[in-house]
Amino acid sequence: MHVVGTAGHVDHGKSTLVHALTGIDPDRLREEKERGLTIDLGFAWLTLPSGREVSIVDVPGHERFIKNMLAGVGGIDLALLVVAADESVMPQTREHLAILDLLKVKRGIAVITKRDLVDEDILGLAQLEVEELLDNTTLAGSPLLPVSATTGEGLPELLEAIDRALDETKPRKDVGRPRLAVDRAFSISGFGTVVTGTLIDGSLRLGQEVLLTRRGKPGRIRGLQTHREKLEEARPGTRVAVNLSGVSTDDVERGEVLTSPGWLHNTRAFDARVYLLADVPRGMRHNLPVTFHAHTTETAARVRLLDRDVLEPGDEAWAQVWLEEPAPLVRGDRFVLRSSDATLGGGTVVDVDAKRHRRRHAATLTRLETLAEGSPTAQLVSALEAGEPANVATLARRTNASVADTTELARQAIAEGAAVVLGQEVTDASLLYTAKGWAGQSGRAQQTLAAFHAQYPLRQGISRQELRSRLGLTGATAQVVLTHLAASGTIVDDDAGTVRLLDHEVAVSAEQQAAMNTYVAQLTKDPFPVTAPSIAAGLLVLLAEQGRVVRATDGVVLEAASYREIEGRIVDHMRAAGKATLADVRDLLGTSRKYAQALLEHLDEEKITRRVGDERVLLRG
Ligand code: GDP
């Protein structure tokens, strides 16, 4: 399904043409009827000679209603630029064309109406003027067709031309993220709230939960219609009327965006490529207050120029647009900027998650350039730079592409060496880094470990927990990153929970080795000395890490084999007696209260025993 929109100066015959083509009078409001003027949007539809059904949005041509025109022209596939043969190009012909150009509407037909009112010469002149006007716009080279809505001349040819133009128009993509920019909201008694708009980027189904994004109001789809026909499912590129339950008409107005919950959010500031029309009287200075229009949304805004102080007519620049009322936008959306009485320019949304940038910051400008114009994989990498690591689903949202397309692009970026996936395969959930980001992350991990090894040469490694916190890694990401670092051979993440550099070896001098051996020998000889032998703290930690000694509580250290033997004796005793007191253990081992106490506390910590009152019982049989 396709949507066709009219454009052109007031009284040039738009509504009459739509009526002649469709049999539907698009001037639906009585006020408009009386004044003979389309002030709001008109809607009609027709079946073309090929059997293709199209929707028509008829927009007002009066300069005072440009904002209504703007609300209607978003999301159209084909524009009919209507110019009356007797008056030829007029101010709103120019302004509407400029808006179509800014919104990058690529297909159009120039319809020269009121053919019956002029002779060949005047018609020829009008055609020439229109042709010249279209030059240097997205509609350059569009067909020109003279018609008369009064006599019917040229109408069959126009229908065929519409068919041909739509043959070349790609159907709207379904990227699984439906957006319906609301252009009308009203209530029908017995049904409740109805909103209408052009559906893009996804489908809507009967019964589906939806969200009115700007106000954050949830609702459910109770009915769907297109061209007065009931639907189970509406596809992208369709004019749709949605009957909502759970939403009152007070909750919704033109400018709202209806979508599926969970992915779209309001943005207050976004980065954009901004273009100033060539025929505006003066340049646009930094921070200029303007009116912002995108889809059916309209709000006051300011344009922060990022790469200059004044944007000259006909020129373009990088800018950050700050909206007075936040609006839901996605990357690639087109918008128009107006002053109180004239269209100034417009642009393309490049990044909706924009932070406040410093002006004239080279790295920011380069990133924006790549985001806007780089190869598809370069754009993906730039989107990743906005926050990494990120998974495919998040990136799909950032780039407004489908998850399947993003997965494919991610694979290409990895093959090109521009991105890195943590794990073997790229799936929706797998984490991606830019090559640079990963090099940075892995470099930080190596530096952290190297610094740790330098500070504690006698330790095998840093605890996993400590490393995570030093690298600022949290949650599930942390483990994936450590696993990938280990898999890529950068680090060794051992089972005991210590992490070290692959080539780290504990450096013990002959002297230190001798001290350690003497210490262990002393402990072996007398497990319960009155005065405990001493050793440097670092060497003691190393002995414990090596498993040669066991550190009980209160600074009590035992040689590993003696400890195991002692532990066995206590456990055997308790198994026989069912329990043991401190005095029992002291007598059993023929040692002091201090040692018995330290050993029992250690057994409690190891979850071998448990304290019940003054006694210990075994935790496992
Ligand atoms: P809009 O403001 O562009 O929608 O213009 P309308 O459709 O309201 O037309 C303005 C006036 O021009 C009306 O009085 C129409 O009857 C008249 N008109 C429109 N098309 C033709 C045409 O092809 N021939 C003649 N003679 N008059 C036309």
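These numbers were taken from a predicted model, which means no experiment stands behind them. Order of listing sets the numbers, starting from 1, for every ligand and every atom in it.
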(request) Quick one: look at His9 and ligand 1, take heavy-atom pairs under 4.0 Å, and tell me if it's side chain, backbone, both or neither. (result)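 Looking at His9 and ligand 1, just backbone atoms fall under 4.0 Å.
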(request) Under 4.0 Å, heavy atoms only, figure out whether ligand 1 is touched by the backbone of Val147, its side chain, both or neither. (result)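 Under 4.0 Å from ligand 1, Val147 contributes no heavy atoms.
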(request) Output yes when Asp309 and Arg360 qualify as a salt bridge under the 4.0 Å nitrogen-oxygen rule, no when they do not. (result)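 A salt bridge links Asp309 with Arg360.
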(message) Any salt bridge linking Asp279 with Arg94? Criterion: basic side-chain nitrogen under 4.0 Å from a carboxylate oxygen.
(response)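 No, Asp279 and Arg94 are not salt-bridged.
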(message) Tell me whether the count of non-hydrogen atoms from other residues, nucleotides or ligands lying under 6.0 Å of CG in Asp135 goes above 12.
(response)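 Buried by this count: over 12 neighbours within 6.0 Å.
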(request) Count the heavy atoms belonging to other residues, nucleotides or ligands that lie under 6.0 Å from CD of Glu168, then report whether that count exceeds 12. (result)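 Yes, CD of Glu168 has more than 12 neighbouring heavy atoms, counting only those of other groups under 6.0 Å.
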(request) Have a look at Lys114, Lys14, Glu153, Gln92 and point out the one with the heavy atom closest to atom 1 (P) of ligand 1. (result)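 Among Lys114, Lys14, Glu153, Gln92, the closest heavy atom to atom 1 (P) of ligand 1 belongs to Lys14.
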(request) Ignoring hydrogens, just give me the one of Thr16, Thr6, Val111, Val10 whose non-hydrogen atom is nearest atom 16 (O) of ligand 1. (result)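 Nearest heavy atom to atom 16 (O) of ligand 1 lies in Thr16.
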Per-atom contacts, ligand 1 versus [X] - under 4.0 Å to a heavy atom:
{"X": "Thr150", "answer": "21 (C), 22 (C), 23 (O), 24 (N), 25 (C), 26 (N), 27 (N), 28 (C)"}
{"X": "Leu117", "answer": "26 (N)"}
{"X": "Asp116", "answer": "22 (C), 23 (O), 24 (N), 25 (C), 26 (N)"}

(request) Mark yes or no for whether Thr299, through its side chain, and Glu325, through its backbone, hold a donor-acceptor pair below 3.5 Å. (result)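 Here the side-chain-to-backbone pair exists.
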(request) Answer with yes or no whether Ser148 contacts ligand 1, where contact means a heavy atom under 4.0 Å from a ligand atom. (result)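 Yes, Ser148 has heavy atoms under 4.0 Å from ligand 1.
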(message) Below the 3.5 angstrom mark, is there an N/O of Leu17, backbone or side chain, next to an N/O of ligand 1?
(response)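 No, there is no polar N/O contact under 3.5 Å.
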(message) Quick check with a 6.0 Å cut-off and a 45 degree axis cone: is Arg177 positioned over the face of Trp263's six-membered ring?
(response)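 The answer is yes; both the distance and angle limits are met.
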(message) Would Arg273 pass as a cation-pi partner of Trp318, given that its NZ or CZ must be under 6.0 Å from the six-membered ring centre and within 45 degrees of the axis?
(response)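 Output yes; distance and angle both within limits.
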